[in-house]
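Below is one structure, written out as structure tokens, with a few remarks after it.
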There are 2 protein chains.
Amino acid sequence: MKIEEEIKQSTFKSEYQKAHINLIYTSGWVQQAQAALFKPFGVTLPQYNVLRILRGQYPKPATISLLIERMLDKTSNASRIVDKLEAKELVTRKQCPADRRTVDVLITEKGLALLKEMDELESGEGTGITNLTEQEAEQLSDLLDKIRK
Amino acid sequence: MKIEEEIKQSTFKSEYQKAHINLIYTSGWVQQAQAALFKPFGVTLPQYNVLRILRGQYPKPATISLLIERMLDKTSNASRIVDKLEAKELVTRKQCPADRRTVDVLITEKGLALLKEMDELESGEGTGITNLTEQEAEQLSDLLDKIRK
DNA sequence: TTATGTTAGTTGTTTGAACAATGATTCTTA
DNA sequence: TAAGAATCATTGTTCAAACAACTAACATAA
């Protein structure tokens, strides 16, 4: 549905304003769809992202700093997110011997298995992205990249 | 920056997966930029959205249900968001005489004035959307509309 | 080596979000 | 019109996010 109908506003000041509001709106829309997909697996989006980063590092461990750096939510709830993941036995945390200030966070077999299950989700199925053609998906990526420049 | 570099993942299973992850990522990115812009005005994104809806209705009042319906966060924090707005004197709330179950929520002069100030923000300035050409912005809107179909 | 500063991570605290349950009013229909 | 169902809004409660303060460990330099 066109954004105009969606939010019952027929005119915008510019294409920029329209795209901007559309992005905010769709962003919320997708995040909700995402959350619904995630719920059965018992992890939130930030937790999932941390798991993904850890898999990227595997079998090397990651420090909390590295997680924060990659997480985009630069505000450091990283410690607490790792708390949650640790409680679910999806990661382990142990002090690094070389630098005792830092912590080695490592994804467990259980964590890897969960991610493997969840890989199916990443296809975009269920979040509307597959309403696009492959070429359009590519176009979208390019536009988004440009926004974050 | 390309999403591959942004999240340090060089390959994706498909253009869909790539666009999907890119959308989630960019969505968070934009929301953060947005929150930063909003902070000086003392309202959060959901509060702002409610104010926008109320302005759309003005001078008619809106019920809480109508707010929920338009808000996309269908989970009803609407009451509490209105609480916050009322505390800041940006809206008024009074029981509707015709149906005493419902509440008439109305934006105040102060609320309208605040929105007027904030209209500047909606141009997209400061959230990266203006990195696009006008035509690209239009293209983006179309793609997003298609996703939510 | 010891004082100073820096970095890493954790822990409070306040604030808002998510979800469910409740209470009040209206609608429906027998 | 009286009883049960449905609707509207509010209120608990739990959970996560934002921001700042704090502790421990390392680095630097006098």
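Reminder, nothing fancy here: chain letters follow the sequence lines and each chain counts from 1.
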>> Keeping A:Asp104 on the side-chain end and A:Lys94 on the backbone end, is there a donor-acceptor pair under 3.5 Å?
In response: no
> For A:Leu67 and C:dT7, what is the distance between atoms CG and C1' respectively, to the nearest whole Å?
Replying inline: 16 Å
> Side chain of A:Arg55, backbone of A:Leu112: donor and acceptor closer than 3.5 Å?
Replying inline: no
> What nucleotide, of C:dG16, D:dC8, C:dG12, holds the atom closest to the side chain of B:Ser65?
Replying inline: D:dC8
> Can you name the closest pair of heavy atoms from A:Leu132 and B:Tyr16 and give their distance?
Replying inline: O-OH, 2.8 Å
> Starting at NZ of B:Lys94 and ending at P of D:dA9, how long is that distance when rounded to a whole Å?
Replying inline: 14 Å
Distances for protein N or O near nucleotides 3-5 of chain C N or O, under 3.5 Å:
none

>> Check this for me: does any side-chain nitrogen of one of B:Lys13 and A:Asp119 sit under 4.0 Å from a carboxylate oxygen of the other?
In response: no
>> Given D:dC19, C:dA18, D:dA9, identify the nucleotide with an atom nearest to the side chain of B:Asn77.
In response: C:dA18
>> For B:Leu90, is there any backbone N or O sitting under 3.5 Å from a side-chain donor or acceptor partner on B:Thr108?
In response: yes
> C:dG16 C1' sits how many Å from B:Ile81 CD1, rounded?
Replying inline: 9 Å
> Separation of B:Ile64 atom CD1 from D:dT11 atom P, in whole Å?
Replying inline: 11 Å
>> Checking the side chain of A:Thr26 only, and the main-chain atoms of A:Leu23 only, is there a donor and an acceptor separated by less than 3.5 Å?
In response: no
> Given atom CD1 of B:Ile68 and atom C1' of C:dC19, what is their separation to the nearest angstrom?
Replying inline: 13 Å
> Taking NZ from B:Lys84 and C1' from C:dT14, how many angstroms apart are they, rounded to a whole number?
Replying inline: 11 Å
> Does the pair A:Ser27 and B:Gln31 meet the rule for a side-chain hydrogen bond (donor to acceptor under 3.5 Å, both in side chains), with working shown?
Replying inline: CA-CA 8 Å; A:Ser27 139; B:Gln31 285 195 4; 3.0 Å; yes
> Which of these nucleotides, D:dA16, C:dG9, C:dT11, is closest to any side-chain atom of A:Gln47?
Replying inline: D:dA16
> Between B:Glu138 and A:Lys18, is there a side-chain N and carboxylate O pair less than 4.0 Å apart?
Replying inline: no
> Pairs in or reaching into residues 37-47 of chain B: which pass salt bridge (Lys or Arg N to Asp or Glu O under 4.0 Å), with residues at least two apart or in two chains?
Replying inline: none
Could you write out each protein N or O paired with an N or O of nucleotides 22-26 of chain C at a distance under 3.5 Å?
unit_1: C:dT26; atom_1: OP1; unit_2: B:Arg100; atom_2: N; d: 3.1
unit_1: C:dT26; atom_1: O4'; unit_2: B:Arg101; atom_2: NE; d: 3.4

>> Please compare A:Thr102 and A:Lys39 by the position of their nearest nucleotide in DNA chain C and report the one closer to 5'.
In response: A:Thr102
> What is the distance from CD of B:Glu86 to C1' of D:dT10, rounded to the nearest Å?
Replying inline: 13 Å
>> Expressed as a whole number of angstroms, how long is the span from B:Leu85:CG to D:dA9:P?
In response: 16 Å
